[in-house]
Number of protein chains: 2
Amino acid sequence: MRASERAYQFLRSDIIEWHLEPGTTLNEVEQAERLGVSRTPVREAFSRLMSDGLVEPSCGRGVIVTPVSVTNVRAMFELRTALETQAAALAAVKGDPEAFDALAHRLEEAAVFLVDDDADRSSYYLLVEEMDAEIDRAAQNTYLAQAQRQLRTHLGRVRKLSKGNEGRLMAAAHEHAAIARAIAEGDVELAQAAIRVHLSNALKAILDAVPDQEGERESAA
Amino acid sequence: MRASERAYQFLRSDIIEWHLEPGTTLNEVEQAERLGVSRTPVREAFSRLMSDGLVEPSCGRGVIVTPVSVTNVRAMFELRTALETQAAALAAVKGDPEAFDALAHRLEEAAVFLVDDDADRSSYYLLVEEMDAEIDRAAQNTYLAQAQRQLRTHLGRVRKLSKGNEGRLMAAAHEHAAIARAIAEGDVELAQAAIRVHLSNALKAILDAVPDQEGERESAA
DNA sequence: TGGCAAGATTGTGTATACAAAATTTCGGAA
DNA sequence: TTCCGAAATTTTGTATACACAATCTTGCCA
């Protein structure tokens, strides 16, 4: 693998996994030494992270890890609602009913297993990822897919904020199943409604999970 | 200005203005010589263009200018509809009514002047840009704004495809005014409806303007 | 004459050196 | 004591050199 790619993946996951806290300043030489490469690949990695919106240029002093706040989470979900309702509508029209029917069944099954408090959540997460991918494929829209990809990067970051909401997973699985079923039946309105319900609940769960700051705290450091 | 910035702006406008046709292969040394800089800034420019989606990596051999097709235009408008209806809804709730009222009036005025076939369209275009900026500001959502910015880059490219639709400009101005008025009045539903109408007409105008290819031609070279 | 292999050529990936810009610190003066 | 300015240091921006990979060409052999 190329050194620039390694540097990018390394820094990216470091940021998403909160090993690098929001507000941290990164400079080229420091990271070059830490990652054991020269400055050139680090520059390229910084450039990609900036266009991802994971870091922002600090005036003449490297880059700083983008802060995450409750305000940001609300904004993310506003965009997410717009993107996912559109994607679901397209998938309901163009998608393969059988594929989504199968997903709906597997999600219902997963929901049953999730009754158990220490069930393996990873398989459920994979299932959700599979469904996202299937919707993207069905929507046949690269621009929409790219916008979703970018947003999911940021959503991945806030996921760490809302730990301990395992109790919601079963409900979430049922909601996902409802979405898949609506898409399978080609019911655009229902699919969009199901998405809105799901996202409303998901946002509420996140906002409940974070210690209620008055909306303007810069980071959860 | 930095050399990498110059290289980026130069290549970007070259692609958007169709001086570099879709499908063209660009390599580092060639562009470095053409722009009179070394390979390093060109690499950075290529990297930014790739994340813009204006070029895509050719297998190990530089980058190629991303193709534009009718299919792509439809996809862009699907995403655009999702983003702009969401932005308009937020603006209708949070925006400054007076600012949008003023925009509505100026747009109606502009529409009057556009009756004349060879009126200055540039001031109208600036007005539309101003309105886009005002909506972005009112929506107070950086994620949404960034998604819009990226999409507008691609829309700027297809604008060149639909030349000779000056006849539609007056109608478009009235549509924009209707959107601004709905936002000023805080009427979310009406603003979204007005956006949908406008985008439907705009897409139709573009599809009418391009020689009707069966949807899969790679470029308009 | 056609196919395969080896060398040459072209182009990217990375490192390093040098230059330019900016920030910080230190010193002096008000 | 505080503020302003200049120098020094740190950090980024750019160029260049080198290494490796891929591709094209050419020549040899079947």
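Just so you know, these numbers use all the heavy atoms, side chains as well, and skip hydrogens, waters and symmetry mates. Residue numbers start from 1 in every chain, and the chains themselves are labelled A, B, ... in the order their sequence lines are given, proteins ahead of strands.
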OG of Ser51(A) to CG of Leu49(B): how many Å apart, nearest 0.5 Å?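 CG of Leu49(B) is found 11.5 Å from OG of Ser51(A).
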
Minimum heavy-atom distance Asn141(A)-Ala75(B), with the two atoms named: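 Smallest heavy-atom distance, with atoms named: ND2-O, 2.9 Å.
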
Rounded to the Å, how far apart are [X] [atom1] and [N] [atom2]?
| X | N | atom1 | atom2 | value |
| --- | --- | --- | --- | --- |
| Met50(A) | dT12(D) | CE | P | 13 Å |
| Ile64(B) | dT12(C) | CD1 | C1' | 16 Å |
| Tyr8(B) | dT14(D) | OH | P | 15 Å |
| Arg43(A) | dT11(D) | CZ | C1' | 10 Å |
| Arg6(B) | dA15(D) | CZ | C1' | 13 Å |
| Met1(B) | dG13(D) | CE | C1' | 15 Å |

Over 60° means perpendicular and under 30° means parallel, so classify the ring planes of Tyr143(B) and His154(A), tilted if in between. perpendicular

In residues 26-33 of chain B, which residues come under 4.0 Å of DNA chain C by heavy atom?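 Contacting residues: Asn27(B), Glu28(B).
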
Give a yes or no on whether a salt bridge exists between Arg152(A) and Glu129(A), defined as a side-chain N under 4.0 angstrom from a carboxylate O. no

Ion pair check, Arg106(B) and Glu109(B), cut-off under 4.0 Å: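 Between Glu109(B) and Arg106(B) there is no salt bridge, as every charged N stays at least 4.0 Å from the carboxylate O atoms.
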
Against Glu28(A), only a single residue in Arg43(A), Arg61(A), Arg34(A) fulfils salt bridge (Lys or Arg N to Asp or Glu O under 4.0 Å); can you say which? Arg43(A)

What pairs of nitrogen or oxygen atoms, one from the protein and one from nucleotides 16-23 of chain C, lie under 3.5 Å apart?
none

Donor on one side chain, acceptor on other, Thr153(B) and Arg12(B), under 3.5 Å: yes

Taking only side-chain N and O atoms of Ser4(A), does any of them lie within less than 4.0 angstrom of OP1 or OP2 on dT14(C)?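 Checking Ser4(A) against dT14(C): at least one side-chain N or O falls below 4.0 Å of OP1 or OP2.
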
Looking at residues at least two apart in the chain, or sitting in another chain, which of them share a side-chain hydrogen bond (donor to acceptor under 3.5 Å, both in side chains) with Asp96(B)? none

